[in-house]
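Lettering follows sequence order; numbering is per chain, from 1.
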Number of protein chains: 2
Amino acid sequence: MALTDLEIAQATEMEPIEKVAAKINISKDALERYGKYKAKIGFDTLNALKDEDDGKLILVTAINPTKAGEGKSTTTVGLGDALNLLNKKTMIALREPSLGPVFGLKGGAAGGGYAQVVPMEDINLHFTGDMHAITTANNLLSAMIDNHMYQGNELNLDPERITFKRCLDMNDRTLRRVDIGKGARVNGIEREDGFNITVASEIMAALCLAEDLMDLKKRFGQMLIGYSKDGKPVYVKDLKCEGAMAMVMKDAILPNLVQTLEHNPVLIHGGPFANIAHGCNSAIATKAALKMADYVVTEAGFGADLGAEKFLDIKCRKAGLHPSAVVIVATIRALKQHGNVAYEDLKEENVQAMLDGCANLAKHIDTIEQFGLPYIVAINQFESDTDAEIEALQNWCKENNHPMSLSQVWAKGGKGALDLAEKVIELTDQPNQFAPLYDEKDSIENKIEAIATKVYGAKGVEFSQEAKEQIEEFKQHGWDKLPVCMAKTQMSLSDDPKVMGRPEDFVITVRELRPSLGAGFVVALTGSILTMPGLPKHPSALDMDIDENNRITGLF
Amino acid sequence: MALTDLEIAQATEMEPIEKVAAKINISKDALERYGKYKAKIGFDTLNALKDEDDGKLILVTAINPTKAGEGKSTTTVGLGDALNLLNKKTMIALREPSLGPVFGLKGGAAGGGYAQVVPMEDINLHFTGDMHAITTANNLLSAMIDNHMYQGNELNLDPERITFKRCLDMNDRTLRRVDIGKGARVNGIEREDGFNITVASEIMAALCLAEDLMDLKKRFGQMLIGYSKDGKPVYVKDLKCEGAMAMVMKDAILPNLVQTLEHNPVLIHGGPFANIAHGCNSAIATKAALKMADYVVTEAGFGADLGAEKFLDIKCRKAGLHPSAVVIVATIRALKQHGNVAYEDLKEENVQAMLDGCANLAKHIDTIEQFGLPYIVAINQFESDTDAEIEALQNWCKENNHPMSLSQVWAKGGKGALDLAEKVIELTDQPNQFAPLYDEKDSIENKIEAIATKVYGAKGVEFSQEAKEQIEEFKQHGWDKLPVCMAKTQMSLSDDPKVMGRPEDFVITVRELRPSLGAGFVVALTGSILTMPGLPKHPSALDMDIDENNRITGLF
């Protein structure tokens with residue numbers, strides 16, 4: 001029987017983290033160790049790196065995810081290992097997993113098979129505590145807001161217009177909408193509130209886009225908490241708790257160093273979801289990796305319509321990053337699902353359905369071309385893929401002039417992506433004309449329309465009455481000259497999760513807008529997307545256990 | 001100007017934690033380091049200790065706390081340092097601070113002046129993440145309960161009788177009572193819930209009383225989550241998520257090693273409040289310390305009516321510990337407050353008020369005598385104490401045959417408690433007749449009455465109608481043969497926080513009972529005590545900051 005990801009990870013002998021750090025010339029003293037195999041890279045070291053030259057940045061993205069799995073993290077890790085096998089000094093930069101999906105359905109986010117990041121259990125559980133620090137900073141602010149109103153309300157805050165919500169790193173649908181302060185007067189002022197999952201918190205977004213701790217503190221100060229009873233915006237700086245919030249984040253702002261199964265260095269730092277947030281690891285980690293290595297392989301969440309768009313339009317724009325190449329991951333299984341094959345039937349060969357499903361891949365390729373970036377399609381091979389399917393897909397790529405490579409990293413680790421790695425190196429040697437898709441100084445409507453039509457392939461955008469009013473209001477407050485972070489289902493190019501393949505002739509509905517002034521963008525909620533997920537009928541947590549030898553089972 | 005606690009801590013050069021570990025024969029490899037100055041002691045090491053002889057256990061307790069401060073943690077740390085100065089191999093075992101009071105009013109809990117535990121900032125913030133792990137395990141269970149009801153409710157759980165609550169490590173009064181699952185049906189089943197502060201969570205109590213991770217998992221399984229619609233108790237094991245909860249706690253169960261300013265070893269592990277929980281650090285840490293050292297100085301929260309009573313009746317009974325001596329800390333300032341001097345007037349000499357306040361001290365001495373333990377009064381000296389006051393207090397002790405010692409650890413560190421340390425050593429050389437105050441097989445009413453009359457000095461106990469019904473119900477379920485954990489204000493011997501000194505002729509009102517089956521006790525809520533505190537008018541968080549050199553201010 002095949003080993004599980006967890007069993008493969010547990011069977012690997014890791015190298016002490018100082019040995020991994022030595023490969024990128026980071027001395028033992030520069031590390032804040034968390035056990036033997038995890039470390040944060042200290043401030044002084046990060047500062048000292050600033051004069052180094054930058055390496056080349058490679059983004060890994062994918063088609064729209066399906067239940068069949070694409071293996072984007074797996075490919076990212078395998079490609080990093082392969083580049084190292086080719087003696088290219090390479091680092092990998094990933095997001096931190098959220099506990100919500102770990103206990104829910106999706107599982108962790110540390111790759112799979114022989115292309116994993118370890119220690120897998122720790123990374124998927126509390127890791128170095130960054131998520132918990134974000135939850136704490138978020139809920140400290142919430143407690144301070146409600147306490148302020150209870151203790152006299154000098155800022156004249158309107159309890160019915162507090163826009164900042166509480167958060168938890170958990171899939172917990174019952175916390176989406178709550179009434180707080182119920183019961184006696186000593187329980188505070190009653191009002192409606194809600195919890196986001198921590199990865200959708202503005203604190204997370206601000207962390208991931210901040211330059212350093214002082215910049216993060218400034219971003220906290222700029223965050224909107226709500227409105228006064230006379231309609232004026234009230235910010236965190238008015239409440240004066242950005243100092244305490246920054247203090248809470250003093251360790252969380254440092255990137256975390258771990259290793260692949262092949263002992264290559266990986267930075268894992270920050271983890272916003274790509275559907276309800278901006279979907280990229282921290283700018284601090286990406287920039288540090290570029291200083292330490294010649295090649296940096298990073299990943300953005302879900303399909304190119306979400307993670308890659310935000311990576312290129314928000315993160316690269318704001319952090320001044322210039323990517324050198326993009327890898328677009330697909331699997332034959334997932335392409336068949338986009339070609340309308342039921343999950344149960346994916347084992348059966350179906351060349352035509354796969355070719356139908358390529359319409360989804362083609363749209364994401366088109367998106368990357370619009371950004372002016374060279375790309376390669378990486379087919380993450382599964383055992384069930386038939387020769388006929390592989391050949392048909394290779395032919396499709398050839399006919400359409402799409403560079404491609406078959407990747408076998410799940411089964412072989414870095415050795416399974418040597419061809420991909422060589423082709424990626426060639427791509428990065430070409431100059432490119434990367435540019436974001438829209439001008440951030442354009443109107444909110446135009447920016448959203450640009451994303452919807454150019455990236456999703458929609459014919460237009462419909463704004464709800466609420467959204468229209470919000471756009472007007474944001475304009476008055478001067479919050480409209482920011483990039484837009486779309487909140488949209490990851491399952492479809494459209495805002496309807498049930499529509500697979502490449503939908504056409506559809507409209508994107510923008511339901512609500514939220515100013516995320518600390519992050520520096522405006523969030524647009526489309527369709528029925530929610531910022532707090534729920535657990536499934538059979539949560540993964542039910543199958544998790546730990547035994548008397550401290551061995552974990554059921555984590556994946 | 002005098003230095004703040006934080007400035008003194010920041011000015012100290014710490015020793016690398018492996019050097020501190022070496023003093024108690026713990027090798028570098030046995031440590032899971034968290035940065036350079038914190039470490040967890042690994043499983044294998046803890047297991048290997050089991051055959052070692054036990055050292056002597058010294059409990060530090062105090063009079064009822066006042067705004068003036070008693071310095072119980074400070075005395076605990078100073079006494080530990082003094083014993084080490086006398087070449088006694090000594091460890092200190094303390095609780096982990098909660099972020100609630102850190103952001104609120106009380107501040108951290110790492111001692112003060114020159115008797116502190118460091119790194120003070122880390123200990124008072126996220127430390128090694130134990131609190132966050134507890135919060136996660138707690139809220140995972142809550143999410144699983146609500147998801148179970150939403151996804152078909154096979155266990156037939158009654159949404160109106162879910163007794164297990166959510167938690168946050170924050171002072172947040174508006175979360176005491178909340179309505180969850182509001183809005184659309186996709187937001188889950190609407191019901192009333194509430195949040196406890198994490199330190200009052202049953203998860204925390206179970207952690208602190210568990211023998212090891214497998215015992216903790218078993219305790220999680222035993223926890224009550226509520227009742228079915230036909231009135232039957234439903235436990236965590238029925239929901240099958242004790243495995244995932246134990247997995248979440250895999251690192252949190254290991255004790256944390258840090259150092260005093262004088263580089264002596266300290267274990268800090270587990271941190272239940274002593275008013276709304278059982279108020280002692282983990283049994284795992286205390287037992288490990290007893291194996292590693294010849295003397296262990298530990299502390300129980302608030303006055304002897306709360307922390308010490310629970311330490312002796314719950315922790316020692318359940319963990320099989322036999323203390324050798326008790327130190328009862330008082331300050332002249334606090335005694336004056338118990339003698340009805342206003343906080344503003346404490347600087348002025350007032351011998352008579354101090355002697356009046358000694359009635360409070362006398363009651364706590366009486367309590368310790370009832371437990372059959374030798375004791376010493378430690379007067380934690382302040383600069384403002386006058387010679388006349390000190391002399392009067394010394395005379396009061398002499399006249400009443402109370403051993404005592406003047407302690408100057410705040411100003412002098414271990415050197416300030418050499419006399420106290422020598423006298424404590426003498427006490428521990430005597431055999432003693434320690435026994436808990438009540439038989440745990442007695443009725444709930446009798447156990448509570450024993451504590452109220454013998455420890456608080458009450459003339460009796462009044463049970464609310466709800467409490468009476470609960471006692472009947474607990475009896476039917478067989479939950480009545482457990483120790484009782486009293487939830488009572490720390491400010492007074494009575495259940496009314498405004499009554500100072502030694503109240504007489506009063507009755508304790510028991511409002512509500514909660515079965516804490518994973519912890520192994522029944523909680524009795526008295527007076528108007530709440531298990532989620534609020535922030536004050538001017539929370540400490542408003543004065544906290546961190547600068548570009550990573551220097552924290554406002555933490556105390």
### Best-contacting candidate, A/M544, A/M249, A/E548, against chain B by heavy atom pairs under 4.5 angstrom
A/M544
#### Entry: Full working for side chain to side chain donor-acceptor pair (under 3.5 Å) between A/N47 and A/T45
CA-CA 5 Å; A/N47 286 336; A/T45 309; over 6 Å; no
### Task
Sort out for me which of A/T136, A/L239, A/L213 touches chain B most, counting heavy-atom pairs under 4.5 Å.
A/T136
### Query
Among A/K250, A/R166, A/K36, A/E190, which has the most heavy-atom pairs under 4.5 Å with chain B?
A/R166
### Task
Examine whether an atom of A/M144 lies under 4.5 Å from a heavy atom of chain B, and if so say whether it belongs to the side chain, the backbone or both; otherwise answer neither.
both
### Query
What residue, out of A/L535, A/T553, A/N139, A/V178, has the most heavy-atom pairs lying under 4.5 Å from chain B?
A/L535
### Task
Pick one of side chain, backbone, both or neither for A/N171, based on which atoms fall under 4.5 Å of a heavy atom in chain B.
backbone
### Task
Specify which of B/L125, B/L31, B/N187 makes the most heavy-atom pairs with chain A at under 4.5 Å.
B/N187
### Task
Check each atom of B/N550 against the heavy atoms of chain A and say whether the ones under 4.5 Å are side chain, backbone, both or neither.
side chain
### Task
Examine whether an atom of B/T128 lies under 4.5 Å from a heavy atom of chain A, and if so say whether it belongs to the side chain, the backbone or both; otherwise answer neither.
neither
### Query
Considering only heavy atoms, which portion of A/K40 lies under 4.5 Å from any heavy atom of chain B: side chain, backbone, both, or neither?
neither
### Query
Passes side chain to side chain donor-acceptor pair (under 3.5 Å), B/D169 versus B/T135? Steps please.
CA-CA 7 Å; B/D169 187 24; B/T135 306; 5.9 Å; no
### Message
Heavy-atom pairs under 4.5 Å with chain A: which of B/G554, B/A133, B/A184, B/S142 has the most?
### Response
B/A133
### Query
Where do B/K537 and A/G152 come nearest, in terms of heavy atoms and distance?
NZ-CA, 4.5 Å
### Query
Heavy-atom distance under 4.5 Å to chain B: side chain of A/D29, backbone, both or neither?
backbone
### Query
Is there a side-chain contact between A/K38 and A/N256 (heavy atoms, below 4.5 Å)?
no
### Query
Are A/R177 and A/D193 close enough for a salt bridge, meaning some N to O gap below 4.0 Å?
no
### Task
Check whether any side-chain heavy atom of B/V258 lies under 4.5 Å from a side-chain heavy atom of B/M14, and answer yes or no.
no
### Query
Of the backbone (N, CA, C, O) and the side chain (C-beta and beyond), which part of A/D547 lies under 4.5 Å from a heavy atom of chain B, both, or neither?
backbone
### Task
Check each atom of A/M170 against the heavy atoms of chain B and say whether the ones under 4.5 Å are side chain, backbone, both or neither.
side chain
### Query
Stepwise, does the ring pair (Phe, Tyr, Trp, His ring centres under 6.0 Å) test hold for A/F195 with B/F195?
CA-CA 13 Å; A/F195 285 70; B/F195 285 69; 5.8 Å; yes
### Message
Ignoring hydrogens, what is the shortest heavy-atom contact between A/N138 and A/S201? Give both atom names and the distance.
### Response
OD1-OG, 2.9 Å
### Summary
Applying a strict 4.5 Å limit to non-hydrogen atoms, the region of A/I552 in contact with chain B is side chain
### Query
Given a strict heavy-atom distance threshold of 4.5 Å, which part of A/R33 is in contact with chain B: side chain, backbone, both, or neither?
both
### Task
For residues B/F220 and B/F164, establish whether the separation of their ring centroids is below 6.0 Å.
no
### Message
What part of B/D44 gets within 4.5 angstrom of chain A, counting heavy atoms only: side chain, backbone, both, or neither?
### Response
neither
### Task
Flag the pair A/D545 and A/R551 as a salt bridge only when some basic side-chain nitrogen lies within less than 4.0 angstrom of an acidic carboxylate oxygen.
no
### Summary
Comparing B/G129, B/P539, B/C241 against chain A, the one with the most heavy-atom pairs below 4.5 Å turns out to be B/P539
#### Entry: Contacting region of A/L542 [heavy-atom separation from chain B under 4.5 Å]
both
#### Entry: chain B contact via A/Y34 - which portion, at a heavy-atom distance below 4.5 Å
both
#### Entry: Ionic contact status for A/R173 with B/D146, cut-off 4.0 Å
no
### Query
With a 6.0 Å cut-off on ring centres, are A/H132 and B/H126 close enough?
no
### Message
If we define contacts as heavy-atom pairs under 4.5 Å, which of A/I189, A/L99, A/V248 has the most with chain B?
### Response
A/V248
### Query
Using a cut-off of under 4.5 Å for heavy-atom pairs, which of A/D251, A/L168, A/L140 has the most such pairs with chain B?
A/L140
### Task
List the atom of B/I276, the atom of B/I529, and the distance in Å for their closest heavy-atom pair.
CG2-CG1, 3.5 Å
